[in-house]
Every structure is written in structure tokens, then in C-alpha cells.
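To start, the structure under review is shown below, and the notes come after it.
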Amino acid sequence: MSDSRKPDGKVLAESPVTDLFENGRHPSASEKQWAEKTLGPSMERGPEKPIGAPTGVNLDEHGHTRYTTISGLPIRRLYTPADLPADWKYEDYLNYPGQPPFTRGIHASGYRGKMWTMRQFSGFASPEETNERYKYLLAHGGGGLSVAFDLPTLMGYDSDHPFSEGEVGKCGVAIDSLEDMEILFSGIDLEKTTVSMTINSPASILWAMYLVVAEKHGADWKKISGTIQNDILKEYIAQKEYIYPPAQSMRLVIDTFEFGSIFTPRFNTISISGYHIREAGSTALQELAFTVYDGVEYVEWARRRGLDVDEFGPRLSFFFNAHNDFFEELAKYRAARKIWYRLMKDRFDARNQRTWLMRFHTQTAGVSLTAQQPLNNIARVALQALAAVLGGTQSLHTDSYDEALALPTEEAVRIALRTQQIIAYESGVAQTVDPLGGSYFLERLTLDMEKGAFDYFDKLDAMGGMVAAIEKGYPQKEIAEASYQFQRATEAREKITVGANEFVVEEPAPNILYIGEEVAQAQTKKLNALRARRSNDEVRRCLDALRKAAAQEPKAGDNGQISPANTMPFIVDAVKAYATVGEICEALRDVYGTYTETAFA
């Protein structure tokens with residue numbers, strides 16, 4: 001732009017015509033006429049004002065008002081055909097639903113054939129109490145279950161371990177052994193209910209427990225469906241709930257890929273998760289790029305094992321965040337499908353069309369929930385859920401309004417589920433596929449997301465892949481900087497959070513769910529009884545066999561068989577002998593050691 005200041009230092013009015021040519025745009029004659037005849041006079045009468053404090057991210061280098069997404073990407077006041085590429089062609093950039101590049105969705109009829117799965121994330125206190133909550137959710141219209149485990153389980157410790165003190169049952173359900181898993185799913189038909197488990201370092205152990213319970217129920221492993229999160233890379237990047245070093249952890253993940261492709265063909269052996277990356281403070285673009293590239297890394301490691309991408313690829317699934325910036329989130333989901341298709345087809349030469357499809361679960365943004373005026377979170381969650389649905393999610397969890405304070409109450413859980421049901425059955429958005437497709441604004445955002453992700457891929461490829469990048473601290477530092485910039489803008493009130501930094505009121509503390517220490521006491525009593533009645537000689541034999549397998553280098557099996565060194569069969573045997581989560585993890589610690597993140601400059 002030309003000089004924008006008068007001699008007295010005051011900012012000159014922004015030129016609406018000059019703005020039309022930014023970023024290489026070539027506006028039509030009618031758009032230029034609109035800017036001169038309609039927009040210009042309108043801005044003279046009423047200048048644009050920032051949404052938030054007139055500082056920082058809300059001003060450009062000339063002092064003019066600037067509008068950005070929640071991630072800081074600049075937004076134009078109007079989008080027209082001039083914002084699309086010169087070679088824009090519907091069939092190439094969008095195409096029809098169910099056809100490459102899947103921008104408009106992976107299913108030709110959208111939600112007309114099948115509604116998304118309403119999968120509520122739940123788990124608290126004891127297996128007995130969580131089982132009651134699951135039955136409540138299913139009775140009120142939930143279509144699937146998602147298990148939240150407590151911190152000791154996530155870190156591979158039993159409830160009676162000294163490190164578990166004060167944490168048992170607090171942020172999820174305590175699961176120590178097969179006995180607890182049997183209680184957790186008592187009375188639930190596992191062939192008819194899809195189950196997702198948010199577990200990572202000990203994922204193969206909890207999955208083995210689930211499979212053994214299903215077997216005891218009489219379910220056919222080839223018919224059960226669900227997902228284990230099992231995404232260890234995002235633990236190193238964001239959530240930090242890792243146990244073993246990266247290479248050894250990746251080996252365990254690939255063991256589940258190999259085992260699952262043969263024995264559980266309908267079960268997703270990984271949910272490659274951007275959710276936690278976003279919760280750590282990343283931008284939408286960083287969430288997209290790092291998550292999809294984590295997927296690339298898993299495929300690379302599986303291929304090195306000798307696995308066929310068209311054998312395990314169809315069971316790769318993803319997990320994204322749904323944040324507050326409605327259109328940015330929509331663009332992220334649409335770009336993700338396009339990118340995954342390109343990677344599977346062009347980078348990995350996948351021929352099975354199911355391998356090309358990105359299937360993903362979405363959860364509304366826990367980090368966006370406020371402890372202040374918590375009922376406002378109902379509106380936030382509804383908008384986020386709507387973005388996920390319009391973005392074509394396959395399943396959805398809606399956060400409860402009180403989750404910024406504690407695990408949700410029963411009333412809050414019911415409202416969260418009803419929010420999904422109102423979107424599904426009252427809003428009308430499920431009646432047509434990708435109703436916002438073709439919006440100039442949305443299509444431009446989608447293209448920018450796609451380009452930005454591939455720019456990140458080039459950097460990560462140059463570093464030698466995601467494991468190497470993690471060891472260098474690259475994604476961690478990128479997220480930390482983005483988190484800092486958002487926090488700075490929030491504290492400066494450049495970004496408004498209703499009820500937290502603007503429109504604040506005094507209010508009494510709400511009623512919340514409290515988990516006491518009696519859960520830890522009950523779990524310890526249960527563990528003591530279990531160890532007294534099981535065959536401890538059989539447990540030792542199984543754990544020794546697991547250590548031996550874990551120490552070997554696995555190679556892909558022949559003639560439809562898994563590698564003799566695959567750890568999954570040995571873990572299943574240990575689970576059947578009622579070895580505990582802590583005991584199995586300790587056996588693997590004996591072989592692999594543990595990981596401590598180093599400081600990054």
C-alpha cells in the first residue's frame with residue numbers, strides 16, 4: 001500500500017480499491033466498481049472497528065483495522081471469484097461427495113444414509129460407577145462409547161503404586177486388570193456398540209483387555225468395531241503421557257497395526273490425534289499439519305516393517321478438535337481429506353480406495369471452555385459441534401458445560417448429548433451434503449490450509465520425519481510460540497472470551513462432581529484380592545515371554561501370519577492370566593527403559 005499517514009501523523013483512510021489487488025487478486029470490473037461506488041462511501045460514513053482492543057493483532061502495519069481468525073490468519077472483508085485460483089475447476093478442486101479429492105466428504109449421500117456416531121467421552125471413579133454412566137448414555141440415545149482413563153492408567157501404573165496417590169479415578173476411570181475391564185463393560189453388547197479408548201503408551205494392554213472381555217461375551221473379534229487412540233507421537237509433541245522412548249513406542253504401535261489387520265479388521269488400531277495438539281495451544285494449521293504428518297510417519301514405519309499400506313491403511317483414523325472459529329474449522333476438515341487422499345495416492349501408491357479416505361472423530365474444544373459463567377459453554381459447544389458436522393465428521397463428542405471445573409455432572413452430560421441430537425434432528429443441516437461448499441470464503445480458507453500443511457511437510461521431510469523433528473523439539477517450539485501469541489492477545493483483550501476477559505460478572509460457584517479417595521482404597525483392596533487368588537506363577541511366565549518378544553526385532557509375518565516377535569499375542573496371554581496394567585508396563589520398561597524429554601533452546 002502507499003504511504004498511509006498525513007504530515008500530522010494521523011492515519012489516512014484505507015483505500016478500498018487498493019485492497020482489492022492484495023495477494024495477487026485480479027478483481028472483476030464489477031467488483032472494482034462496487035468498491036468505489038458502494039464500499040468507499042460506506043466506510044467514510046462508518047469506519048470499520050476491530051472486534052477487541054485496537055492494538056496488536058487487530059491492526060495492520062499501517063494502523064488500519066485488521067481481522068484475523070482465532071489462529072491469527074488475516075481475513076478479507078469480502079471474498080469473490082477473484083480469491084480462487086485462475087485455473088479453478090469444480091471437478092479438480094472440489095468434485096462430488098464420495099469422489100476424489102473428497103473435499104466435500106467421503107460419503108456420497110452425507111448423513112442421509114447414516115448419521116454421525118454420537119460418542120460421548122466418559123469415565124470416572126471406579127469401573128462400577130462408569131459402567132452405570134455408560135448405560136445411562138446408551139439409554140438416552142448415545143450411539144457409541146468413549147472411555148476416559150485416569151492418570152495412573154494412562155501412565156501405566158496400578159492404583160496402589162506410590163505414583164498414583166491422589167490421582168486414582170480423578171480424571172477418568174481406574175482400570176488395573178482384566179477384572180476391572182469386565183466390570184466396565186458388564187451388560188453392554190460389544191458387537192453392537194462401538195467403543196473408543198483414549199489410551200496411548202499402554203494402548204496395546206488396554207486393547208488386549210477389551211478384546212478378551214469381548215471374547216468372554218461371545219463376540220466375534222472380526223465383527224467388533226471401535227478405536228484405540230494409540231497415537232504416541234502426539235504425546236511427545238503435546239500431551240506428554242509417554243512411557244518408553246520414541247522408537248520403542250513406535251514399535252508397539254506397529255505391532256497393533258499388524259495384529260489388527262489380521263484379527264480385528266473392523267477395529268481402528270489408531271486414532272491419529274490433532275485434538276491434544278490444539279489443546280496445547282497450536283493454531284488450526286499446526287493441528288492439521290502435525291496431525292496428518294504424524295499419519296505419514298506411522299505409515300512409513302509400518303512399511304519398513306514390511307506391512308502393505310492397503311492392508312492396514314483402511315483402519316487408520318483421525319481425531320480433530322472443533323474450536324471456536326467456525327469457518328477456520330470447516331476449512332481444516334475439508335483440507336484434511338484432500339491432503340490425506342493426495343498423500344495416500346501419490347506418496348504411498350495406495351490402490352485400495354478405502355485407504356484414500358480420511359475418517360475422523362471430532363471433539364469440541366475443552367481448552368475453549370471457561371470456568372467463569374460456565375453455562376456460556378453450552379453455546380460454544382453447539383457452534384463447535386455444528387462446524388464438525390458441516391465439516392463431515394464421522395463421530396462426535398460434545399463437551400459438557402462444567403468440564404472446565406471438574407468431570408461433568410449427569411445433567412451436564414445429558415445437555416451435551418442433547419446438543420448433538422438437536423443439530424441432527426432439528427437444524428436441517430444433515431439433510432444435504434456440504435451445504436457451504438462453493439463459498440468463496442470457505443474455498444479460499446481450504447486452499448490456504450492445504451498449502452500451509454504441505455509447507456510444513458517439506459520442513460518435516462527435510463528434518464528426517466516426525467520422530468527426528470520431535471527429538472529436535474521443532475513441533476513443540478512451534479506450538480509454544482502459537483500458544484504464547486494467543487495468550488498475549490487474550491490478556492490484551494485483542495481476542496475476546498465472553499465472560500472471562502469481557503462481559504464479566506460475579507457469580508456463585510456451581511455444583512460439581514467430586515471424586516474422593518475411597519476409589520483408590522477400593523481399587524487397592526480389589527488388587528490385593530486379585531493377586532491372592534490368581535496364579536502368580538502363570539503371570540510370571542507370561543511376563544517373561546513378553547520381555548523376550550519385546551527384545552526381538554519384529555519382521556512382517558508370512559502367509560497371513562503375524563511376526564513371531566509381535567508383542568500383542570504375549571500381552572493378550574498376560575491379560576488372560578490377570579497380570580495388571582502396571583505389571584505389564586513394568587515388564588516393557590525392563591526391556592525398553594523410559595523416556596525423559598530434554599530441554600530445547
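The structure presented is a predicted model; accordingly, all values stated were derived computationally and were not measured.
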Please determine whether a side-chain nitrogen of the Lys or Arg among [X] and [Y] lies less than 4.0 Å from a carboxylate oxygen of the Asp or Glu.
{"X": "R541", "Y": "D544", "answer": "no"}
{"X": "E287", "Y": "K332", "answer": "yes"}
{"X": "R589", "Y": "E586", "answer": "yes"}
{"X": "K526", "Y": "D180", "answer": "yes"}
{"X": "D255", "Y": "R305", "answer": "yes"}
{"X": "E517", "Y": "K170", "answer": "yes"}
{"X": "D573", "Y": "K576", "answer": "no"}
{"X": "E235", "Y": "K240", "answer": "no"}
{"X": "R266", "Y": "D220", "answer": "no"}
{"X": "D160", "Y": "K525", "answer": "no"}
{"X": "E583", "Y": "R534", "answer": "yes"}

Short side-chain to backbone donor-acceptor contact, [X] and [Y], under 3.5 Å:
{"X": "D294", "Y": "L233", "answer": "no"}
{"X": "T256", "Y": "V253", "answer": "yes"}
{"X": "D231", "Y": "S273", "answer": "yes"}
{"X": "D158", "Y": "G582", "answer": "yes"}
{"X": "R251", "Y": "P246", "answer": "no"}
{"X": "T130", "Y": "P127", "answer": "no"}
{"X": "S368", "Y": "A365", "answer": "yes"}
{"X": "H161", "Y": "F163", "answer": "yes"}
{"X": "E167", "Y": "S164", "answer": "no"}
{"X": "D150", "Y": "G172", "answer": "no"}

| message | For L184 and V147: C-alpha separation, side-chain torsions, deciding distance, then whether side-chain contact (heavy atoms from CB on, under 4.5 Å) applies. | response | CA-CA 10 Å; L184 187 68; V147 184; 4.1 Å; yes
| query | Do E297 and L460 pass the side-chain contact (heavy atoms from CB on, under 4.5 Å) test, and can you show the C-alpha distance, the side-chain angles, and the key distance before you say yes or no? | reply | CA-CA 10 Å; E297 190 82 346; L460 292 162; over 6 Å; no
Closest heavy-atom contact between [X] and [Y]?
{"X": "I232", "Y": "S201", "result": "CD1-OG, 3.4 Å"}
{"X": "P202", "Y": "L154", "result": "CD-O, 3.4 Å"}
{"X": "D399", "Y": "V381", "result": "O-CG2, 3.5 Å"}
{"X": "I571", "Y": "A208", "result": "CG2-CB, 3.7 Å"}
{"X": "A322", "Y": "A388", "result": "CB-CB, 4.4 Å"}
{"X": "L527", "Y": "S159", "result": "CD1-N, 4.0 Å"}

Nearest 0.5 Å, what's the [atom1]-[atom2] distance between [X] and [Y]?
{"X": "S249", "Y": "I254", "atom1": "OG", "atom2": "CD1", "value": "11.5 Å"}
{"X": "Q229", "Y": "T269", "atom1": "CD", "atom2": "OG1", "value": "13.0 Å"}
{"X": "S271", "Y": "I199", "atom1": "OG", "atom2": "CD1", "value": "13.5 Å"}
{"X": "L316", "Y": "L357", "atom1": "CG", "atom2": "CG", "value": "11.5 Å"}
{"X": "L530", "Y": "Y578", "atom1": "CG", "atom2": "OH", "value": "8.0 Å"}
{"X": "N324", "Y": "E329", "atom1": "CG", "atom2": "CD", "value": "8.5 Å"}

| side-chain hydrogen bond (donor to acceptor under 3.5 Å, both in side chains) between R414 and Y136: does it pass, once the steps are laid out? | CA-CA 9 Å; R414 185 174 64 251; Y136 174 87; 2.9 Å; yes
| query | Pick one: which of Q384, Q420, Q363, R418 meets side-chain hydrogen bond (donor to acceptor under 3.5 Å, both in side chains) with T398? | reply | Q420
Decide yes or no for [X] and [Y]: does some side-chain heavy atom of the first lie under 4.5 Å from some side-chain heavy atom of the second?
{"X": "N200", "Y": "Q239", "result": "yes"}
{"X": "H323", "Y": "V367", "result": "yes"}
{"X": "V467", "Y": "W301", "result": "yes"}
{"X": "K216", "Y": "L178", "result": "yes"}
{"X": "V292", "Y": "M358", "result": "yes"}

| said: Angle between ring planes, Y134 versus F185, binned at 30° and 60°: parallel, tilted or perpendicular? | reply: parallel
| In terms of ring plane angle, is the pair Y592 and Y244 parallel, tilted or perpendicular, where the classes change at 30° and 60°? | perpendicular
| task | Test W340 against every option in F318, Y293, F457 by the ring pair (Phe, Tyr, Trp, His ring centres under 6.0 Å) rule and name the one that passes. | result | F318
| Full working for side-chain contact (heavy atoms from CB on, under 4.5 Å) between V173 and N131 | CA-CA 10 Å; V173 62; N131 175 260; over 6 Å; no
| said: Could you check whether atom CD of E191 has more than 12 heavy atoms from other residues, nucleotides or ligands sitting under 6.0 Å from it? | reply: yes
| query | Can you tell me if NZ on K222 sees more than 12 non-hydrogen neighbours from other groups inside 6.0 Å? | reply | yes
| Checking side-chain hydrogen bond (donor to acceptor under 3.5 Å, both in side chains) for the pair T362/T393: CA distance, chi angles, key distance, verdict? | CA-CA 6 Å; T362 310; T393 192; 2.7 Å; yes
Taking the six-membered ring where the residue is Trp, are the ring centres of [X] and [Y] under 6.0 Å apart?
{"X": "W221", "Y": "F267", "result": "no"}
{"X": "Y275", "Y": "F320", "result": "no"}
{"X": "F290", "Y": "Y456", "result": "yes"}

| request: Begin with the C-alpha distance, continue with both residues' side-chain angles, and end with the deciding distance and a verdict on side-chain hydrogen bond (donor to acceptor under 3.5 Å, both in side chains) for R119 and T194. | output: CA-CA 9 Å; R119 188 188 306 283; T194 63; 2.9 Å; yes
| task | Would you please test S126 and E129 for side-chain hydrogen bond (donor to acceptor under 3.5 Å, both in side chains) and show each step? | result | CA-CA 5 Å; S126 67; E129 290 168 279; 3.0 Å; yes
| message | Tell me whether the NZ or CZ atom of R304 lies within the 45° cone about the ring axis of F257 and under 6.0 Å from its centre. | response | no
| request: Could you check L206 against T153 for side-chain contact (heavy atoms from CB on, under 4.5 Å), going step by step and ending with a plain yes or no? | output: CA-CA 9 Å; L206 276 298; T153 306; 4.2 Å; yes
